[in-house]
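Not measured: the values here are computed from a predicted model.
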Amino acid sequence: MSSSSAAHTFSPAPPALPVPQRVRPARCSGFVGPAVESASPGARAVTLSSSRGGADSSLPICRVLNGMWQTSGGWGRIDRADAVDAMLAYADNGLSTFDMADHYGPAEDLYGMFINRVRRERPAEMLEEVKGLTKWVPPPVKMTRSYVEENINRSRKRMDVAALDMLQFHWWDYSNPGYLDALKHMTDLKEEGKIKTVALTNFDTERLQIILENGIPIVSNQVQHSIVDMRPQKKMAELCQLTGVKLITYGTVMGGLLSEKFLDTNVSIPFAGPPLNTPSLQKYKRMVDAWGGWSLFQALLQTLKKVSLKHGVPISTVAVRYILNQTSVAGSMVGVRLGLSEHIQDTNAILSLELDEEDMGSIAEASSRGRNLMDIIGDCGDEYRA
């Protein structure tokens with residue numbers, strides 16, 4: 001676990017651009033909005049931006065992102081044609097930001113097939129709205145310019161784009177400072193037009209601060225964040241407020257644990273409850289155990305159910321909306337099982353749901369009954385570096 005670094009002074013984030021007079025509510029269009037904290041609850045999109053490291057960089061994204069980890073195996077066989085059809089359906093319904101990684105099986109290839117369908121079969125307007133965010137997760141080897149560029153070019157080729165909309169970088173070993181070399185090369189590639197925005201995934205607060213002090217134009221950090229895992233609000237959100245970096249969250253519905261399916265169940269009795277039969281369900285069940293166990297989790301689900309009934313939406317919709325309302329959160333991931341199931345209506349409902357003060361208070365109280373995961377796991381991403 002990391003130790004806290006000395007306090008440093010940061011320049012304030014650049015002021016947000018003005019909101020256009022008309023924004024089509026049905027789509028996540030190229031909206032340039034205010035800081036997330038002051039966005040209206042129904043805002044569908046937000047612009048991530050940074051003025052560090054030379055020229056300004058910005059990217060409008062949908063506040064609910066389509067997460068493509070589920071294409072990497074463990075959730076059922078993915079038929080590529082069906083998957084691309086499903087991606088078009090999400091985009092047609094205004095959910096036009098897709099999140100993937102170099103190691104998510106065929107995810108980048110699927111995006112390349114999808115974006116070509118958009119080019120051929122959809123208006124040019126949709127091509128402007130669609131965004132593909134990918135990740136690069138290299139081994140902690142020497143980060144030369146040629147090595148970094150080779151890997152970025154591979155993703156560009158797979159996704160069939162001239163420039164990656166966003167490259168989110170992960171580094172396994174903080175004792176190896178090569179992550180700064182990699183990010184400086186990525187910044188150069190951004191200036192050359194091969195990357196539009198540079199971002200991070202699963203970095204902690206201390207290392208984010210170091211990276212920003214080195215002038216790297218980071219626009220966001222993707223971190224695990226849910227009603228059970230509130231670690232990003234402990235330290236990370238404060239630094240983000242000071243610097244203008246935003247958070248993109250994953251694990252926000254805990255692989256489906258935050259749903260009616262697991263309400264009033266006992267998964268500790270074999271075959272008595274729904275099976276934990278996907279990598280994400282197994283992963284987030286371990287988070288529940290660390291937080292406080294299944295009985296306490298049931299009490300949380302009961303609280304969420306009351307709120308969901310009040311608003312006529314599923315528990316998962318409430319769970320994502322609650323995190324979208326947190327400090328510095330720009331967007332939250334909802335995993336998509338492309339061609340196997342879809343939840344377009346429920347996902348769109350997240351963007352129109354307004355939780356009142358009573359709702360937020362009752363959920364916060366239920367969440368606070370669990371253990372402080374900062375004490376158990378450490379800061380954002382520390383679970384990957386134990």
Side-chain angles (χ1 to χ4, degrees), residues 26-28 61-137 154-168 201 222 248-256 259 261 277-284 314 316 320 331-351:
R27 309 199 64 82
C28 287
I61 64 166
C62 191
R63 294 205 68 198
V64 177
L65 300 86
N66 304 312
M68 295 178 65
W69 181 30
Q70 283 80 351
T71 65
S72 62
W75 286 266
R77 180 182 174 274
I78 294 289
D79 179 272
R80 293 196 175 201
D82 290 345
V84 173
D85 286 343
M87 293 174 76
L88 284 167
Y90 277 93
D92 286 338
N93 283 276
L95 300 168
S96 52
T97 301
F98 295 84
D99 179 89
M100 65 212 83
D102 58 340
H103 62 288
Y104 288 2
E108 290 184 336
D109 299 304
L110 291 172
Y111 186 85
M113 296 166 65
F114 158 72
I115 202 67
N116 270 299
R117 288 276 303 274
V118 173
R119 289 169 183 148
R120 296 194 310 268
E121 302 172 14
R122 296 295 187 273
E125 181 183 48
M126 180 181 284
L127 191 58
E128 291 299 312
E129 294 172 1
V130 168
K131 298 293 182 289
L133 286 50
T134 194
K135 305 180 192 76
W136 183 36
V137 185
R154 184 179 298 114
S155 288
R156 290 169 61 221
K157 183 177 180 180
R158 291 181 71 189
M159 296 172 69
D160 199 10
V161 293
L164 301 176
D165 288 325
M166 178 187 287
L167 185 61
Q168 302 165 100
T201 182
Q222 186 174 140
I248 296 175
T249 74
Y250 68 89
T252 307
V253 295
M254 304 190 73
S259 69
K261 181 178 180 180
N277 57 358
T278 69
S280 51
L281 284 172
Q282 293 159 13
K283 172 182 178 178
Y284 294 115
S316 58
V320 178
S332 290
M333 209 78 60
V334 174
V336 288
R337 299 178 66 181
L338 298 171
L340 300 174
S341 62
E342 65 89 1
H343 38 69
I344 290 171
Q345 183 176 345
D346 290 342
T347 302
N348 262 322
I350 297 165
L351 294 163

NZ of Lys135 to CD of Gln222: how many Å apart, nearest 0.5 Å? 4.5 Å

Given the rule in the side chain to side chain contact (heavy atoms under 4.5 Å, CB included) test, do Asp160 and Arg119 qualify, once you have shown the distances and angles that lead to the verdict? CA-CA 11 Å; Asp160 199 10; Arg119 289 169 183 148; 3.4 Å; yes

Closest heavy-atom contact between Gly335 and His343? O-NE2, 2.8 Å

Quick one: salt bridge (Lys or Arg N to Asp or Glu O under 4.0 Å) partners of Asp165, sequence neighbours excluded? Lys196

Residues passing the salt bridge (Lys or Arg N to Asp or Glu O under 4.0 Å) test with Arg117, sequence neighbours excluded, are Asp85, Glu121

Apply side-chain hydrogen bond (donor to acceptor under 3.5 Å, both in side chains) to Asp99 and Gln168, showing your working. CA-CA 10 Å; Asp99 179 89; Gln168 302 165 100; 3.0 Å; yes

If I take atom CG from residue Asn66 and atom NZ from residue Lys131, how far apart are they, to the nearest 0.5 angstrom? 13.5 Å

Before giving the answer on side chain to side chain contact (heavy atoms under 4.5 Å, CB included), spell out for Asn348 and Asn93 the whole-Å C-alpha distance, their side-chain angles and the decisive distance to 0.1 Å. CA-CA 8 Å; Asn348 262 322; Asn93 283 276; 4.1 Å; yes

In this structure, CE of Met333 is separated from CE of Met68 (nearest 0.5 Å) by 11.5 Å

For Tyr284, which residues count as a ring pair (Phe, Tyr, Trp, His ring centres under 6.0 Å) partner, sequence neighbours excluded? none

What distance do Ile61 atom CD1 and Met166 atom CE have between them, rounded to the nearest 0.5 Å? 6.0 Å

Side chain to side chain contact (heavy atoms under 4.5 Å, CB included), that's the test. Do Leu65 and Val334 meet it? Break it down for me. CA-CA 6 Å; Leu65 300 86; Val334 174; over 6 Å; no

Give, for atom CE of Met254 and atom OG of Ser259, the distance between the pair rounded to the nearest 0.5 Å. 11.0 Å

So which heavy atom on Ala107 is nearest to which on Ala101, and how close? CB-O, 4.4 Å

Sub-3.5 Å donor-acceptor pair from the side chain of Arg156 to the main-chain atoms of Ala162, do we have one? yes

Heavy-atom pair with the smallest gap, counting every atom of Ser332 and Val320: CB-CG1, 3.8 Å

Could you state the interatomic distance from CZ (Phe98) to CE (Met87), rounded to the nearest 0.5 Å? 4.5 Å

Partner of Asp109 under side-chain contact (heavy atoms from CB on, under 4.5 Å), chosen from Lys157, Met100, Met159, Arg158: Arg158

Would Leu167 and Thr134 count as a side chain to side chain contact (heavy atoms under 4.5 Å, CB included) if you check the C-alpha gap in whole Å, the side-chain angles of each, and the deciding distance to 0.1 Å? CA-CA 5 Å; Leu167 185 61; Thr134 194; 3.8 Å; yes

Between Ile344 and Leu95, which heavy-atom pair has the shortest distance, and what is it? O-CD1, 4.1 Å

Restricting to non-hydrogen atoms, name the atom on Leu351 and the atom on Cys62 that form the minimum distance, rounded to 0.1 Å. CD1-SG, 4.2 Å

Taking the side chain as everything from C-beta on, heavy atoms only, tell me whether Val130 gets closer than 4.5 Å to Tyr111. yes

